[in-house]
Novice: 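Handing you a structure now.
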Amino acid sequence: MISVTLRFHIPIVSIFYLPMFLLKTWRSTAFGVYGYLNFTKSGFLEHSKNFKPEDMQIRIEGKNCMVTGANSGIGYATVEGLASRGANVYMVCRNKERGEAALSEIRTTTGNQNVHLEVCDLSSVSEIKSFTSRFVSKDVPVHVLINNAGLLENERVSTSEGLELNFAVNVLGTYAMTELMVPLLEKAAPNARVITVSSGGMYTTPLTTDLQFSDEKFNGVEQYARNKRVQVALTEKWAEMYKDRGISFYSMHPGWAETPGVAKSLPSFNKSLSGKLRTSEEGADTVIWLALQPKEKLVSGAFYFDRAEAPKHMKFAATGGSHKLIDSIVSNLHSMLVSSKI
């Protein structure tokens, strides 16, 4: 063993990490190829040949929809699409000024005045608790909750509550918003639904209980992928937990869209695929589709891409078994939500 190690100049410990290195390389390579063929604008145009126009002609007057991260990108396009179909839409935005500007534009372009701004920083559990408490007191049934707000911060940043920022927004923020809105979702039963905007990046990683990326050197892109994997597994768990309470849960992948968030967080990726990325409207297409379809056409707990149910795991990626960790993760998130320390 020693002579082999010296001959190849590989420390003995490295031999044991080689399979994991190869597995990560496979996941990344397979994801890159599959993504380029399917997640870009050309993929959308190809898949759209199978779309049914009548699916998007459904009107939803009187339905109350809430969209987080609503002032730009996919969130903005989602609000615009729902408002144009007659919905009452509540835009949840972190920045009041940008939210007000987006609200004004959407009211003007859609002619729908039943679009409202709610200000809440989804990186703060205390703010989410305060917001949901106020909103629940309005006693308004929520027919559709769309967890769109997302963040990819490349450097480790801690929130005022001591949480890693990506995790705080993408995971705990999504969990807290959904759980605290359940009373209003139940008022819209049996047709209430929660749609969580995940990402194809989740294909590159299994579920892990290291929610705040504490066990190794921080990598923002990998943390984002981990967060998005949690969202998919959470959707499965919620579908199981609330199956008898008239609430359906779906996660989805919007494809690779050219949004302000992507341009800021992944500038090299954005530049290298310039002209090949989807528009925000194309990214929002399946979100809106999920909001409009009769629940009988959909599968609660499923993952969707381009108006069709999609696999949650790539072949040979060894991520499927990791979802058994979700119970432990939910227990951890619940503790954070109810903790008096936050």
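For reference, positions follow the sequence shown, starting with 1. The structure displayed is predicted, hence computed values, not measured ones.
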Novice: Would you say the side-chain atoms of Tyr175 pair up with the backbone N or O of Asn170, donor to acceptor, closer than 3.5 Å?
Specialist: no

Novice: Asn148 side chain to Gly69 main-chain N or O, any donor-acceptor pair under 3.5 Å?
Specialist: yes

Novice: Counting distance only, does the side-chain N/O of Gln223 pair as donor-acceptor with the main-chain N or O of Asn219 below 3.5 Å?
Specialist: no

Novice: Hey, mind stepping through Lys41 and Thr279 against side chain to side chain contact (heavy atoms under 4.5 Å, CB included) and telling me if it holds?
Specialist: CA-CA 8 Å; Lys41 177 182 283 289; Thr279 64; 3.6 Å; yes

Novice: Contact between His253 and Ser198 at the side-chain level, heavy atoms closer than 4.5 Å - yes or no?
Specialist: no

Novice: Ignoring hydrogens and angles, write down the donor-acceptor pairs under 3.5 Å from the side chains of residues 87-103, residues two or more places apart or on other chains.
Specialist:
unit_1, atom_1, unit_2, atom_2, d
Asn88, ND2, Asn64, OD1, 3.1
Asn95, OD1, Glu97, N, 3.1
Asn95, OD1, Arg98, N, 2.8

Novice: Do Lys129 and Val125 have side-chain heavy atoms sitting under 4.5 Å apart?
Specialist: yes

Novice: Please determine, by modelled atom types, if Glu153 and Tyr224 share a side-chain donor-acceptor pair under 3.5 angstrom.
Specialist: no

Novice: Are there more than 12 heavy atoms of other residues, nucleotides or ligands under 6.0 Å from atom NE2 of His334?
Specialist: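 For His334, atom NE2 is not crowded (no more than 12 foreign heavy atoms under 6.0 Å).
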
Novice: Indicate yes or no: at least one non-hydrogen side-chain atom of Asn50 is less than 4.5 angstrom from one of Arg307.
Specialist: no

Novice: Ser160: which residues meet the side-chain contact (heavy atoms from CB on, under 4.5 Å) condition with it, sequence neighbours left out?
Specialist: none

Novice: Tell me whether Met181 shares a hydrophobic cluster with Leu333, the cluster being built from Ile, Leu, Val, Met, Phe, Trp, Tyr side chains joined at under 4.5 Å.
Specialist: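 Yes; Leu333 is reachable from Met181 via cluster members.
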
Novice: Are Val144 and Met66 side-chain neighbours, meaning at least one heavy-atom pair lies under 4.5 Å?
Specialist: no

Novice: Do Ile58 and Trp289 share a hydrophobic cluster, counting only Ile, Leu, Val, Met, Phe, Trp and Tyr and linking them when any side-chain heavy atoms are less than 4.5 Å apart?
Specialist: yes

Novice: Given the rule in the side-chain hydrogen bond (donor to acceptor under 3.5 Å, both in side chains) test, do Glu186 and Tyr242 qualify, once you have shown the distances and angles that lead to the verdict?
Specialist: CA-CA 10 Å; Glu186 286 186 307; Tyr242 295 109; over 6 Å; no

Novice: Can you measure from OH (Tyr76) to OG1 (Thr78) and round to the nearest 0.5 angstrom?
Specialist: 12.0 Å

Novice: Got Lys187 and Val140 here, is their nearest side-chain heavy-atom distance under 4.5 Å?
Specialist: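 Of all side-chain heavy-atom pairs linking Val140 with Lys187, none is under 4.5 Å.
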
Novice: When you compare the side chain of Tyr250 with that of Leu298, does any pair of heavy atoms fall below 4.5 Å?
Specialist: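 They are in contact (side-chain heavy atoms under 4.5 Å apart), so the answer is yes.
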
Novice: Are Phe305 and His47 an aromatic pair by the rule of ring centers under 6.0 Å?
Specialist: yes

Novice: Please name all residues satisfying ring-ring contact (aromatic ring centres under 6.0 Å, His included) with Tyr36, sequence neighbours left out, ordered by chain then number.
Specialist: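 Once residues adjacent in sequence are excluded, Tyr36 has no partner under the ring-ring contact (aromatic ring centres under 6.0 Å, His included) criterion.
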
Novice: Are the side chain of Thr110 and the backbone N or O of Glu80 linked by a donor-acceptor pair below 3.5 Å?
Specialist: no

Novice: When you measure from the side chain of Asn112 to the backbone N and O of Ala83, does any donor-acceptor pair fall under 3.5 Å?
Specialist: yes

Novice: Begin with the C-alpha distance, continue with both residues' side-chain angles, and end with the deciding distance and a verdict on side chain to side chain contact (heavy atoms under 4.5 Å, CB included) for Leu211 and Arg226.
Specialist: CA-CA 8 Å; Leu211 298 176; Arg226 290 182 180 187; over 6 Å; no

Novice: Has Lys138 got more than 12 heavy atoms of other residues, nucleotides or ligands less than 6.0 Å from its NZ?
Specialist: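 More than 12 heavy atoms, drawn from other residues, nucleotides or ligands, come within 6.0 Å of this atom.
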
Novice: Please test Ile247 against Trp238 for side chain to side chain contact (heavy atoms under 4.5 Å, CB included), starting from the C-alpha separation and ending with a verdict.
Specialist: CA-CA 9 Å; Ile247 310 172; Trp238 276 325; over 6 Å; no

Novice: Check Arg59 against Ser84 and note the closest heavy-atom contact, atom names and distance.
Specialist: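 For Arg59 and Ser84, the tightest heavy-atom pair comes out as NH1-O, 2.7 Å.
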
Novice: Using side-chain contact (heavy atoms from CB on, under 4.5 Å) as the criterion, list what pairs up with Glu127, not counting sequence neighbours.
Specialist: Cys120, Asp121, Ser124

Novice: Quick one, Asn166 and Glu164 - any side-chain contact, counting heavy atoms below 4.5 Å?
Specialist: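 Yes, at least one pair of side-chain atoms sits under 4.5 Å.
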
Novice: Could you tell me whether the side chain of Thr109 and the main chain of Ile106 form a donor-acceptor pair under 3.5 Å?
Specialist: yes

Novice: Is any side-chain heavy atom of Val194 closer than 4.5 Å to one of Thr235?
Specialist: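 SC-SC contact between Thr235 and Val194 ruled out.
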
Novice: Determine, step by step, whether Phe39 and Tyr34 satisfy the ring-ring contact (aromatic ring centres under 6.0 Å, His included) criterion, reporting the C-alpha distance in whole Å, the side-chain angles of both residues, the deciding distance to 0.1 Å, and the verdict.
Specialist: CA-CA 8 Å; Phe39 302 162; Tyr34 182 74; 5.5 Å; yes

Novice: Provide the closest heavy-atom pair for Ala149 versus Thr68 in the form atom of the first, atom of the second, distance.
Specialist: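 Looking at all heavy atoms of both residues, the closest pair is N-OG1, 2.9 Å.
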
Novice: Charged N to carboxylate O below 4.0 Å: is that the case for Glu54 and Lys52?
Specialist: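 Salt bridge flag = no for Lys52 with Glu54.
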
Novice: If you take all heavy atoms of Ser265 and Asn154, which pair is closest and at what distance?
Specialist: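 Heavy atoms of Ser265 and Asn154 come nearest at O-ND2, 2.9 Å.
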
Novice: Hey, can you pull the donor-acceptor pairs under 3.5 Å for the side chains in residues 199-206, sequence neighbours left out?
Specialist:
unit_1, atom_1, unit_2, atom_2, d
Ser199, OG, Gly201, N, 3.0
Tyr203, OH, Pro311, O, 2.5
Thr204, OG1, Gly201, O, 2.7

Novice: Could you tell me the separation between the CG atom of Leu82 and the CD1 atom of Ile146, rounded to the nearest 0.5 Å?
Specialist: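 The CD1 atom of Ile146 is 5.0 Å from CG of Leu82, to the nearest 0.5 Å.
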
Novice: Which atom names give the shortest non-hydrogen contact between Lys49 and Glu46, and what distance separates them?
Specialist: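 Closest approach of Lys49 to Glu46, heavy atoms only: NZ-OE1, 3.0 Å.
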
Novice: Under the 3.5 angstrom rule, does the side chain of Thr196 hit a backbone N or O of Gln231 as a donor-acceptor pair?
Specialist: no

Novice: Tell me yes or no: between the side chains of Gln57 and Asp55, is some donor less than 3.5 Å from an acceptor?
Specialist: no

Novice: Under 3.5 Å, side-chain donor or acceptor atoms of residues 317-332 against the rest of the protein: list the pairs with distances, not counting sequence neighbours.
Specialist:
unit_1, atom_1, unit_2, atom_2, d
Thr319, OG1, His313, ND1, 2.6
Ser322, OG, Leu207, N, 2.9
Ser322, OG, Thr319, O, 2.5
His323, ND1, Glu236, OE1, 2.9
His323, NE2, Arg229, NH1, 3.2
Lys324, NZ, Gly321, O, 3.3
Asp327, OD1, Lys237, NZ, 2.8

Novice: Look only at the side chain of Glu161 and the backbone of Leu163, and say whether a donor-acceptor pair between them is shorter than 3.5 Å.
Specialist: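 Side chain of Glu161 to backbone of Leu163, a donor-acceptor pair under 3.5 Å: no, none is there.
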
Novice: Would you give the length of the straight line joining atom CG of Asn191 to atom CD1 of Ile60, rounded to the nearest 0.5 angstrom?
Specialist: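 Answer rounded to 0.5 Å: 12.0 Å.
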
Novice: Carefully, step by step, assess Ser28 and Lys24 under the rule side chain to side chain contact (heavy atoms under 4.5 Å, CB included).
Specialist: CA-CA 6 Å; Ser28 178; Lys24 284 189 172 183; over 6 Å; no

Novice: Determine, using the 4.5 Å side-chain heavy-atom cutoff (strictly less than), whether Phe249 and Val67 are members of one ILVMFWY cluster.
Specialist: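 The answer is no; the residues belong to distinct hydrophobic clusters.
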
Novice: Closer than 3.5 angstrom, by distance alone: can the side chain of Arg193 be matched with the main-chain N or O of Leu290 as a donor-acceptor pair?
Specialist: yes

Novice: Which heavy-atom pair separates Asp306 from Gly43 by the least distance, and what is that distance?
Specialist: OD2-O, 4.3 Å

Novice: Is Arg278 positioned over the aromatic face of Phe44, cation under 6.0 angstrom from the ring centre and no more than 45 degrees off axis?
Specialist: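 No cation-pi geometry.
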
Novice: Under 4.5 Å between side-chain heavy atoms, hopping through other hydrophobics if needed: is there a path connecting Phe135 to Leu337?
Specialist: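 Yes, it is one cluster - the side chains of Phe135 and Leu337 are joined through contacts under 4.5 Å.
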
Novice: State, to 0.1 Å, how close Leu152 and Val221 come at their nearest heavy-atom pair, and which atoms those are.
Specialist: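 Closest pair (atom of Leu152, atom of Val221, distance): CD2-N, 4.2 Å.
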
Novice: Check the side chains of Asn147 and Thr178 for a donor-acceptor pair under 3.5 angstrom, ignoring hydrogens and angles.
Specialist: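 Judged by distance alone, the side chains do pair up.
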
Novice: Where the side chain of Lys295 meets the backbone of Pro190, is there a donor-acceptor pair that is under 3.5 Å apart?
Specialist: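 Flag set: sc Lys295 to bb Pro190 pair under 3.5 Å.
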
